[in-house]
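To keep things clear, I will list the structure first and then write my remarks on it.
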Amino acid sequence: MKKSLEIKRSKDLSSYCKRNLTNRDMAERHFPNDMPNYLPEITTAVDEAATERSKDSLANLLSLPYNRLSERLKTSALELKHRVVFVLLLQVVTETWELSGKRVHDYTVYTGALGTAYLLFKAYQATNNENDLKLCSDIVRACDSASRDSGRVTFICGRAGVCALGAVVAKHAGDERLLDSYLTQFKEKIKLPSDLPYELLYGRAGFLWACSFLNKHIGKETISAGRMRAVVDEIIKGGKRLAHRDKCSLMYEWHGKKYWGAAHGMAGIMHVLMDMELKPNEVEDVKGTLRYMIKNRFPSGNYPSSEGSESDRLVHWCHGAPGVALTLVKAAEVFGDQEFLQAAMDAAEVVWNRGLLKRVGICHGISGNTYVFLSLYRLTGNVQYLYRAKAFACFLHEKAQKLISEGKMHGGDRPCSLFEGVGGMAYLFFDMIDPSEARFPAYEL
């Protein structure tokens, strides 16, 4: 797997430093990526002085030794975390908390309070700050109350996420009673309706991901293989029902469209299935589905948002190359097939060239796209992918807040949320502390 790529030092750093992003045409969906293909880390005082004279804060940041860079990103992550928590608590106290007898309005990981709890749990993992763990637990309790009658069963947008995260947090806090309570609710109260779709955000794949999350963090067989197997059978059966004869092994539909991406389509479903114990023929179905997607990608290397789409516009985790790339990295890891690794690297080139989006978030922004490089770095050990992750993270660190304030970058409809807003940027910065352990939240285990 240790496939090395040629790393070239930029020969034109001075011209790069003179470019001005704010004068670019803002009609495109992404900023032009003018960052050098590679900048070596400074190793001497002479190099540091030369870099400082460039007067380019982004280039300076990219040139820092990684331990110094990660400390800066950690500081920013903590600042963003405090901001996200403050905004949530302000909303909670004035609108929805126990003082008014009401409930959290949006409890989800995606845009709601549970996403803030997830960020706090990440902060606790990075810093061992017990206050983060306690506040996380308090927020999960509020989400527990809000989600009881929701009818949604997934990790990202449903009650399974509340119970799963609540159980894991309770385990870390040493609260056996609360741990048992959340696990009991997960096992006995969450029922999958017969008309449930198959995708990640609202469907069966999203429930299975919650099961895998519990089995990873609590212990194997926390959720039995038998219960998970029943859901896998339904997903495979549903995929075969819509599959194109002799073309795609598995196909799925959500709201009348056959989506390809991570959030609602094949990439997300295949990603979850690869964490399951599959039968040999099911392994071939997953491989065949991924090969179908690779074969039918756009000439640019990007992936359609749905079956038959000719619009090569979206380079997001939810739709397009980034989400598919993460699934292909998973396939290369699980199956050991070079074709999937090569396809993942091809998709990463699309992300490098077109993934510097004018949005900040995890779902459809720069924060989420950065995980493509982190995932490939974790698998291959290739330092060019770590550099590219650094480049996207440093772009966010240096420019995001200013661009958002100037109206040149979208801060998200829910600006502090995990999947749309700066909560996702904070999560990424925490992950940059130890990039070999970085995982796209609520997607990579």
| Atom pair CD (Glu41) and CG (Leu69), whose distance is rounded to the nearest 0.5 Å | 8.0 Å
| said: For Asp285, is there any backbone N or O sitting under 3.5 Å from a side-chain donor or acceptor partner on Thr289? | reply: yes
| query | Checking Tyr252 side chain against Ile235 main chain: does a donor-acceptor pair fall under 3.5 Å? | reply | yes
| Rounded distance [0.5 Å steps], SG in Cys394 versus CG in Leu39 | 10.0 Å
| said: Please determine whether the number of non-hydrogen atoms from other residues, nucleotides or ligands lying under 6.0 Å from atom NZ of Lys187 exceeds 12. | reply: yes
| task | Would you check if the side chain of Ser306 reaches a backbone N or O of Ser309 as a donor-acceptor pair within less than 3.5 Å? | result | no
| task | Kindly determine whether Cys211 and Phe186 satisfy side-chain contact (heavy atoms from CB on, under 4.5 Å), including the steps that lead there. | result | CA-CA 9 Å; Cys211 296; Phe186 190 99; 3.9 Å; yes
| said: Treating Asn33 as the side-chain partner and Gly355 as the backbone partner, does any N or O pair qualify as donor plus acceptor under 3.5 Å? | reply: no
| Point-to-point distance, once rounded to the nearest 0.5 Å, from CG of Leu119 to CE of Met425 | 11.0 Å
| request: Using a 4.5 Å cut-off on heavy atoms from C-beta on, say whether the side chain of Leu214 contacts that of Cys163. | output: no
| remark: Correct closest heavy-atom pair for Trp254 and His264 would be CH2-CE1, 3.5 Å
| field | Over all atoms of both residues, closest heavy-atom pair of Ala267 and Tyr443 | value | O-OH, 3.3 Å
| query | With no hydrogens and no angle check, do the side chains of Asn67 and Glu71 hold a donor and an acceptor under 3.5 Å apart? | reply | no
| field | Gap separating the CE atom of Met228 from the CD atom of Glu221, nearest 0.5 angstrom | value | 8.5 Å
| task | Rounded to the nearest 0.5 Å, what's the gap from CZ on Arg152 to OH on Tyr202? Could you check? | result | 5.0 Å
| said: Taking the side chain as everything from C-beta on, heavy atoms only, tell me whether Thr222 gets closer than 4.5 Å to Asn215. | reply: yes
| request: Output yes when Asp275 and Lys216 qualify as a salt bridge under the 4.0 Å nitrogen-oxygen rule, no when they do not. | output: no
| task | Apply side-chain contact (heavy atoms from CB on, under 4.5 Å) to the pair Asn296 and Lys247, showing each step before the final yes or no. | result | CA-CA 11 Å; Asn296 292 280; Lys247 290 185 179 181; over 6 Å; no
| field | Nearest-0.5 Å distance that lies between atom CG in Asn369 and atom CD1 in Ile362 | value | 9.5 Å
| Among Leu120, Leu418, Val422, which one satisfies side chain to side chain contact (heavy atoms under 4.5 Å, CB included) with Val84? | Val422
| Heavy-atom distance under 4.5 Å between the side chains of His30 and Val315, does that happen here? | no
| said: Side chains of Ile156 and Trp209, heavy atoms from C-beta outward: is any pair under 4.5 Å? | reply: no
| task | Test Lys279 against Ile236 for side-chain contact (heavy atoms from CB on, under 4.5 Å), laying out the working first. | result | CA-CA 11 Å; Lys279 302 171 185 176; Ile236 296 293; over 6 Å; no
| message | Between Glu444 and Phe440 (side chain of the first, backbone of the second, donor and acceptor by atom type, cut-off under 3.5 Å), is there such a pair? | response | yes
| query | Would you say Val85 and Ile139 make side-chain contact, with heavy atoms under 4.5 Å? | reply | no
| query | So, are Arg229 and Glu282 salt-bridged, with charged N and O less than 4.0 Å apart? | reply | yes
| field | Residue pair Met409 / Ala400: nearest heavy atoms and the distance that separates them | value | SD-CA, 3.9 Å
| request: Indicate yes or no: at least one non-hydrogen side-chain atom of Tyr292 is less than 4.5 angstrom from one of Glu307. | output: yes
| For Glu277, does the CD atom have more than 12 heavy-atom neighbours from other residues, nucleotides or ligands under 6.0 Å away? | no
| task | Mind listing the closest non-hydrogen atom pair of Tyr110 and His364 along with its distance? | result | OH-CE1, 3.5 Å
| task | Taking the six-membered ring for Trp and the full ring for Phe, Tyr or His, determine whether the centres of Phe392 and Trp352 are under 6.0 Å apart. | result | yes
| Quick check, are the ring centers of Phe121 and Tyr427 under 6.0 angstrom apart? | no
| query | Do side-chain atoms of Ser224 reach the backbone of Arg227 as a donor and acceptor pair under 3.5 angstrom? | reply | yes
| query | Hey, do the aromatic rings of Phe395 and Phe31 have their centres closer than 6.0 Å? | reply | yes
| query | Between the side chain of Asn353 and the main-chain N/O of Glu349, is any donor-acceptor distance below 3.5 Å? | reply | yes
| Backbone N/O of Gly203 and side chain of Glu199: donor-acceptor pair under 3.5 Å | yes
| task | Output yes when a side-chain donor or acceptor of Asn382 lies under 3.5 Å from a complementary backbone atom of Gln384, and no otherwise. | result | yes
| query | Is any side-chain heavy atom of Val162 less than 4.5 Å from a side-chain heavy atom of Val109? | reply | no
| Do Trp317 and Tyr371 have their ring centres less than 6.0 Å from each other? | no
| task | Give the minimum heavy-atom separation between Val329 and Ser375, together with the two atoms involved. | result | CG1-OG, 3.1 Å
| request: Kindly say whether Gly238 contributes a backbone atom to a donor-acceptor pair with the side chain of Glu234 at under 3.5 angstrom? | output: no
| message | For a 4.5 angstrom cut-off between non-hydrogen side-chain atoms, does Phe419 reach Arg414? | response | no
| message | I need the single residue from Lys74, Arg439, Arg378, Lys122 that forms a salt bridge (Lys or Arg N to Asp or Glu O under 4.0 Å) with Asp431. Which is it? | response | Lys122
| query | Centroid-to-centroid, Tyr118 to Phe155, below 6.0 Å? | reply | yes
| note | For Phe373 and Val351, the nearest pair of non-hydrogen atoms, with its separation, is CZ-CG1, 3.8 Å
| request: Applying side-chain contact (heavy atoms from CB on, under 4.5 Å), run through Met432 and Tyr66 and close with a yes or a no. | output: CA-CA 10 Å; Met432 292 297 294; Tyr66 197 85; 3.4 Å; yes
